[in-house]
Structures are given as C-alpha cells and as structure tokens.
Engineer: 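One structure follows; several queries about it will come next.
Computed from heavy atoms alone, side chains included, the values below leave out hydrogens, waters and symmetry copies. When a residue number appears, it is its place in the shown sequence, counting from 1.
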Amino acid sequence: MAIRFLAREVSDLCLGKPALRSLLVSATVADTLSALKKSGEIHVSIWNCDHTSRSTTTNNSYSNCKCVGKVCIVDVICFLCREENLSRPLEALQSPVSELLPKIPGLITHLEPHSSLLEAIDYILQGTQNLIVPIQSYTSPNSRKKLLKKPPSFGAATTHDGHEFCWLTQEDVVRFLLNCIGVFSPLPTLTIESMNIIDSNIMSVHYNAPASSVLNSISRSHLEQTSIAVIDEANRLIGEISPFTLACCDETVAAAIMTLSACDLMAYIDFGGPPEDLVELVKTRLVEKKLSAMLDLMDEISLSSSSSSSSCSSDEEFSSGRHGGSGRYSPARRSEAIVCNPRSSLMAVMIQALAHRVSSVWVVEEDCNLVGIVTFTGMLKVFRSVIGVHSKPEGE
C-alpha cells in the first residue's frame, strides 16, 4: 500500500496552491526587495526566459522559460554583509539579482504534473530544495494569447509562455505524507532515536560570540533549510538563529549581524521587531566601526517603513501577517527553538514541525543538553526506505 501511495502524482500536492510570483533574471536586488515588500510574500522566483527562439527539442510549450532560483530577504541580508558591500549597501542594491543566486546546480528542478511523489522525494534527497510544477488549467487558446501578451510586473503572479507554476517544497511533501500516515504503519510510531535520524552534525554558536562569526553558517542554513543553535558553555540550547525568522525581517538586519552578539541578534529579530535599545546599540556600533553607509541604510528603511504598512502571506512557508513598528517583521516568528527529545515518535516530530511551520526540530535531553536535529530531509529518508534502495530519478 505504501508503494502505491508513493506512486501518486505530484499534481495531487499542488491542488489549491497559488501561482508563483516572479521576476526576470534581468532584475536588480532593489527590484527584488520591492517585489517582496509589495507582494508581502516570503519568496519570489527568478526566471530566465528566452522568447527569441522556439525550442524544437521538447514538446513542452513552456520550454523557453526556466526558473533559475528562489530569493528571499535572507539572500539580501547575506549579500549586504559581504565585505565589499558593507561600505556601499545602497549601491550594492543596484546589482543584478543573479548575484543572490547560489552557484550550485540542481537546487531548483522542474517536474511535470504527472511525475510521481517518489520521484519528487528522490530529487529532494539528492539536493533539490524546491520543485517547480506547472499548474494544470483549462484555459482556451484565446485566453492563453491574452496571458502571453500581458506584460509582467514586479511582484505580480506572472505566466511563462502562457503557463502558471507553483512551488512544491519539503514541507508540502511531509504534510502530504502525514495526512496519509497510516499506510506507513508502524514507522510513524517508532522513536526518532531508534530510526537513527537525529543528525549530530549541527551548526552552533556560543551566545556571547559575535553574530558575524556565523555569517557563513546563516547562508548554509538558509540553503539547507535548517537553523543555527545558540548554546551556552554546557552545550545547553538557548535559542536559535533561523533563516525562517530572518526571512520575516528587513534588510537592516545586516547591520545587526555585523554589530551584535548571537544572543542579542536573537532578541533583535524576535517577535514584532527589534527593541529600541538594541536599535540604538546597532547604530552606535556602526559609527564605531565606521560603517556610516549601513547607518544611512537603516535610516532610509526606517523612514520608508514608517510611511507604509503591509501584510504577509506565503503559499508554502508562512501564512501570518507581518509588519511591526519598524521594518518588515512578523509577530508570529520567534527565535525560540522548537524542541523534542530522542524518545519522541516520528509522527509527533512531524506534527510539531508542521504546526510551527519549521523544517527542523532540535533534539534535547531533559536538562536541555543539545543532542542534534531532525530535519524534513531526514524524515523523507525514512519514508523513502519503504521502497528500498535509493534510485536516481529518470533523465539524470
């Protein structure tokens, strides 16, 4: 029964999902920020479309358009924290959006609606972070011509060669599996410890260490859809620096990363916005570090955000409003780490992760001593094991 279930088509997971909002690869980083803030969504997809020639090598009518990346505020924050951009953040925002895209092949994969759930899981386990699936529709040829003629606008849900697409994420797949968890019995009732899916190879930082010391780890955790543990001297978990929390902030967090400790950064990005005393501390330290250009960026964002407000909803990662006192913050996101213990069942951890809209759960002992982490990828490996030996998707 489990094998038949994993043969389900990925189109079953796409029912009701909205069309992707997108930008062309020719856009700038500033265009991306504008699109994110105007749409109120966490991510925007980046597309490379070539309409100068017609492809004859494939039957897909949308073969001239390809999604090449997925960008959010975290990408912008890490970009601004690069050494060459710290002294010129406003100029850096005029860089092409391609500067934000990881130079790692296979992070984005296009799938046909009739592809199997098993094939989707295989791609994820091989490193794909997001799957792009065409939304099946029944538009008439005349309607399709109108869609093709409609000029794209930044932040708008756009079509590509007359087709609309949606994301298929790790969370979508895990949620779909949980809804039909009974077919995998008795796996869901086993402990995460007994299934050996607790990953002890984690990223961590001492709470008093400079937040800038984990800048590379922030980029990595964003790429791998996990988080950075903030710990004390006894290896007890205090909190986390999560890309999912950072994604609900604005680009001025780059200044906080370069000036605050890991513990202070957690407070800065927590809840509805940074405390005023931490904002002033960041500004003071920017002056001390002679990063006046970053200070100008903070002042500019503060002025622009005070004159406007927005709400946030996402079709896959988040669905809550966001906009605090200053900047782009979600009151629903917190730096408090979501934890379980080694004896928790797989199903319990799945429910916990999905309920809190996170892709990983920290594993701690009763004294809060950090053991490791359980990720969506680790969970999917368990379900994939039902089929047997891992096989590479067709066409690879």
Engineer: With the 4.5 Å side-chain cut-off for hydrophobic clustering, are Val230 and Val339 part of the same group?
Structural biologist: no

Engineer: Considering non-hydrogen atoms only, spot the tightest contact between Arg82 and Glu99 and give its length.
Structural biologist: NH2-O, 3.1 Å

Engineer: For Ser45 and Arg21, indicate whether the former's side chain and the latter's backbone hold a donor-acceptor pair under 3.5 Å.
Structural biologist: yes

Engineer: Output the distance between atom NE2 (His222) and atom CD1 (Ile73), rounded to the nearest 0.5 Å.
Structural biologist: 10.5 Å

Engineer: Output yes when a side-chain donor or acceptor of Thr284 lies under 3.5 Å from a complementary backbone atom of Glu280, and no otherwise.
Structural biologist: yes

Engineer: Can you check whether Val282 reaches Met258 side chain to side chain, under 4.5 Å on heavy atoms?
Structural biologist: no

Engineer: Locate the shortest heavy-atom distance separating Pro243 from Val74; write the atom from each residue and the value.
Structural biologist: O-CG2, 3.3 Å

Engineer: Would you say Leu297 and Leu36 are hydrophobically clustered, going by side-chain heavy atoms of ILVMFWY under 4.5 Å?
Structural biologist: yes

Engineer: Would Leu354 and Ile124 show up in the same hydrophobic cluster when neighbours are defined by side-chain heavy atoms closer than 4.5 Å?
Structural biologist: yes

Engineer: Should Lys283 and Asp299 be marked as a salt bridge (charged side-chain N to carboxylate O under 4.0 Å, His left out) after you check the CA-CA gap, both sets of side-chain angles, and the distance that decides it?
Structural biologist: CA-CA 10 Å; Lys283 291 181 177 181; Asp299 291 337; 3.6 Å; yes

Engineer: Between Ser185 (side chain only) and Gly182 (backbone N and O only), is there a donor and an acceptor less than 3.5 Å apart?
Structural biologist: no

Engineer: Looking at side-chain heavy atoms only, is the closest gap between Leu125 and Thr377 below 4.5 Å?
Structural biologist: yes

Engineer: How far does CD1 of Ile192 sit from OG of Ser345, to the nearest 0.5 angstrom?
Structural biologist: 8.5 Å

Engineer: Is it the case that the side chain of Asn48 and the backbone of Lys66 share a donor-acceptor pair, with hydrogens and angles ignored and the cut-off at 3.5 Å?
Structural biologist: no

Engineer: With a 4.5 Å cut-off on side-chain heavy atoms, are Thr226 and Ser359 touching?
Structural biologist: no

Engineer: Quick one: are Thr259 and Leu286 in side-chain contact, heavy atoms under 4.5 Å?
Structural biologist: yes

Engineer: Determine yes or no for a side-chain-to-main-chain donor-acceptor pair under 3.5 angstrom, with Asn85 supplying the side chain and Arg88 the backbone.
Structural biologist: no

Engineer: Trp47 and His110: aromatic ring centres closer than 6.0 Å?
Structural biologist: yes

Engineer: Taking Lys103 for the side chain and Leu101 for the main chain, is one N or O donor matched with an acceptor at less than 3.5 Å?
Structural biologist: yes

Engineer: Please say whether more than 12 non-hydrogen atoms of neighbouring residues, nucleotides or ligands are located less than 6.0 Å from CG in Asp277.
Structural biologist: yes

Engineer: Applying salt bridge (charged side-chain N to carboxylate O under 4.0 Å, His left out) to Glu365 and Arg236, what does each step give before you reach the verdict?
Structural biologist: CA-CA 9 Å; Glu365 294 289 0; Arg236 288 189 295 262; over 6 Å; no

Engineer: Does the side chain of Leu187 reach to within under 4.5 Å of the side chain of Met195, using non-hydrogen atoms?
Structural biologist: yes

Engineer: Can you find a pair of side-chain heavy atoms, one from Val97 and one from Val44, that are under 4.5 Å apart?
Structural biologist: no

Engineer: Do you see a donor-acceptor pair shorter than 3.5 Å between the side chains of Asp172 and Thr169?
Structural biologist: yes

Engineer: Which atoms form the tightest heavy-atom contact between Phe176 and Arg8, and what is the distance?
Structural biologist: CZ-NH2, 3.7 Å

Engineer: In this structure, are over 12 heavy atoms from other groups packed under 6.0 Å from Asn216 atom CG?
Structural biologist: no

Engineer: Any non-hydrogen side-chain atom of Trp362 less than 4.5 Å from a side-chain atom of Ser227?
Structural biologist: yes

Engineer: Shared ILVMFWY cluster between Ile373 and Met266, side chains joined below 4.5 angstrom?
Structural biologist: no

Engineer: Group every Ile, Leu, Val, Met, Phe, Trp and Tyr by side-chain heavy-atom contacts under 4.5 Å, then state whether Leu86 and Val253 land in the same group.
Structural biologist: yes

Engineer: Counting only heavy atoms not in Lys381, do more than 12 sit closer than 6.0 Å to its NZ atom?
Structural biologist: no

